[in-house]
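Notes to accompany the following structure.
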Amino acid sequence: MSNDQYLMTNNLSDIINKPVRTDLVIATRYVNLFYGDFQALKGITLEIFPNTVTALIGPSGCGKSTYLRLFNRMNDLIDGVKITGNIIVDGEDIYAPETDVVELRRKVGMVFQKPNPFPKSIFENVAYGLRVNGVNDKKFIQAKVEQSLVRSALWDEVKDKLKKSAFELSGGQQQRLCIARALAVEPSVVLMDEPASALDPISTAKIEELIYELKKNYTIIIVTHNMQQAGRVSDTTAFFYLGELIEYGDTKEIFTNPKDKKTQNYITGRFG
Amino acid sequence: MRRFFKKLFEKIIEGILFLSSTVTSLAIVLIVIFLFREGFALFGRSPVEEGFVIAVNNKNPVSEIKASQIKDIFDGKITSWKELGGNIEDIVLFRTDDISNYFSEEELGENLEHVPAKISELINKTPGIIAFIPEKFTENDFAGKIITTDKITAGKFLAEKQWYPTAQPAAQFGALPLILGTLWVSFAAILFALPLGLATAIYMAEIANEKTRRVMKPLIELLAGIPSVVYGFFGLIVIVPLIQKVFNLPVGETGLAGSIVLGIMALPTIITISEDAIRTTPLSMKEASLALGANKWQTIHRVIIPYAISGITAAAILGIGRAVGETMAALMVTGNAAVIPHGLLQPLRTIPATIAAELGEAPQQGLHFKALFALGCILFLMTLGINLLVEYISSKRKNISR
Ligand SMILES: Nc1ncnc2c1ncn2[C@@H]1O[C@H](COP(=O)(O)OP(=O)(O)O)[C@@H](O)[C@H]1O
Ligand SMILES: [Mg+2]
């Protein structure tokens, strides 16, 4: 989507009239997203606080991934996408013309559903984000790689084989490598799209533990299919249904006392 | 009943399929056996034309002469027996036809029946003579000494530099210039074609929109379907004069012209295969790169190309294979000089071009004919090697992308 298009379709008074709260890391206001003629997100307004874990839940195809991918502008890559509304990260409208997408993506890291390491060594996978951002200082890169691997709880397992291909790791290790890769560029937000759905229970538990740790330093938004997982790792939960945000609030509250019938049905497993 | 027919029908189809695959495999095996049988028949033979011998005076201490020396002697480059380790004595060349210079028609007889005896006499009284004569002249009371030559071996065939397949009295079959010519032209062709083809493949797979791709794809397939004579013709009319002008050469038919034409011909192979390889890069991997702040070019050269590298390598090697085996275009633009190339601005000659050019003139069952088959064997082994390499690389690729 071009920025002109964005400005044209935007309700400018919204930006002007509503002051941005500085303690919010992320906020969306009346966001609509269209894939061609199909509207995948319908007027989503939501606010996310720093150092929290927010779970996006809802049945398949309800727009969780689409919503998540707004924050690092990954939807830009798809032809025919139209977006209206405001998406604010760190107090700035990220779809404004002056936004530096590279800078944004450094700030907002992403972990994908299936582990997707690069066809490179373990070390180079983690160093990748630094290198493409123009960092050449060897010592710095080395320190960052180690730090990121420590933070993603993978260091002990790979410290002796950093030169080995990332493909030699197990699925769970690969996913933690992908987390390390995202952490290496020092993001403040980490987006995770069903990061454990392709993993076995033990690896899943490790990832969940890791998310809990990471919360101290990062703001995390996680899409999950797994209700128990949402309950275990998240502070707040947003329930999506057919492109709409049905309910948003404290995770405990949503799980024990959902206000909307649809939320209740979904959580108790009646559909989805 | 119907069931029975259905079963029968299936059996018949199965039989037909089995038969065709057997016939195909058999045909392939037979072709290979035939090729190698003919080709290997070259080795262990004397390079002197069949049914002929080379003879010298009985007192001449030289009794063995190399095939290359025989050529030099008869070309007049070696003129003294001393150079061959013999006496200080000028070499006197003698071919059967020269007999009339020495003897009158009466002496030779009405039906030339005395020719063998007279030749024997001549050899006996000329100390410096070297005679190239039919073997049957030496059957009774021959006064000269028959010279032996070294036999053709696979090692010499591969390593020697002289390709004079029709030289008389002794042909020389040194395939090295042809082998090197083939390799040179093919590698240089890839040097042109790989960057161009890879760039096109990247453009088609990653940058072009669907519409552009839909136009380009058939065009490239069309390029693959153009007969090679047309490429050769294009090379001859456009590239050869251009090279001649640009480099100010006496002739434009050079290895470079061959490389360019063969490179163009290898393009479709390279583009199609590397585009396929590039396309196998999972979207998630590209997204991961972009999500880390990489731009499109960084993603292409740091992630997509490394991911597709084995496919790209396979494309390059198959492209070489295409160039190695190409006959017509190479024949038309490389200048066909069977010398070891010292640069791409010289004429050279490839194996397939040699076979195509010479097979028509080589008498069947003759040495030359067999030598061309031996060249065919080399070509076969080259392409086999190339295919095995590709096989190996793509099996590695499967391991990576499991
Ligand atoms: N690239 C796309 N083009 C068109 N429609 C899409 C595209 N991606 C997703 N959609 C549609 O948008 C809706 C939301 O998709 P998604 O965000 O992936 O859902 P979820 O992650 O909740 O399963 C679905 O109906 C899906 O079919
Ligand atoms: Mg999804």
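In what follows, every chain begins at residue 1, and chains take the letters A, B, ... in the order their sequences are listed. Hydrogens, waters and symmetry mates are skipped; everything else that's a heavy atom, side chains included, is used.
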Would you compute the distance between atom CG of A:Asn116 and atom OG1 of B:Thr281 and round it to the nearest 0.5 angstrom?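 Going from CG on A:Asn116 over to OG1 on B:Thr281, the span is 12.5 Å.
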Between atom CG of A:Leu77 and atom CG of B:Leu283, what is the distance when rounded to the nearest 0.5 Å?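 A:Leu77 CG to B:Leu283 CG: 8.0 Å, rounded to 0.5 Å.
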Got a donor-acceptor contact below 3.5 angstrom from the A:Lys120 side chain to the B:Pro306 backbone?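 No: the side chain of A:Lys120 does not pair with the backbone of B:Pro306.
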Within-4.5 Å side-chain heavy-atom neighbours: B:Met285 and A:Pro119: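 Touching, per the 4.5 Å side-chain cut-off.
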So for atom [atom1], which belongs to [X], do other residues, nucleotides or ligands contribute more than 12 heavy atoms lying within a distance under 6.0 Å?
X: B:Glu221; atom1: CD; value: yes
X: B:Asn209; atom1: CG; value: yes
X: A:Lys164; atom1: NZ; value: no
X: A:Lys215; atom1: NZ; value: yes
X: A:Ile202; atom1: CD1; value: no

With a 4.5 Å heavy-atom cut-off (strictly below), which parts of residues 128-136 of chain A touch chain B? List them by number.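 Checking residues 128-136 of chain A against chain B gives A:Tyr128, A:Gly129, A:Arg131, A:Val132, A:Asn133.
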For chain B, which residues from residues 103-110 of chain A lie under 4.5 Å away (heavy-atom distances)?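 Against chain B, the residues of residues 103-110 of chain A that fall inside the cut-off (heavy atoms, under 4.5 Å) are A:Arg105, A:Val108, A:Met110.
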Between A:Pro117 and chain B, with a heavy-atom cut-off of 4.5 Å, which part of the residue counts as in contact: side chain, backbone, both or neither?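 The backbone, not the side chain.
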Nearest heavy-atom neighbours spanning A:Phe112 and B:Ala291: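 So the two residues come closest at CZ-CB, 4.1 Å.
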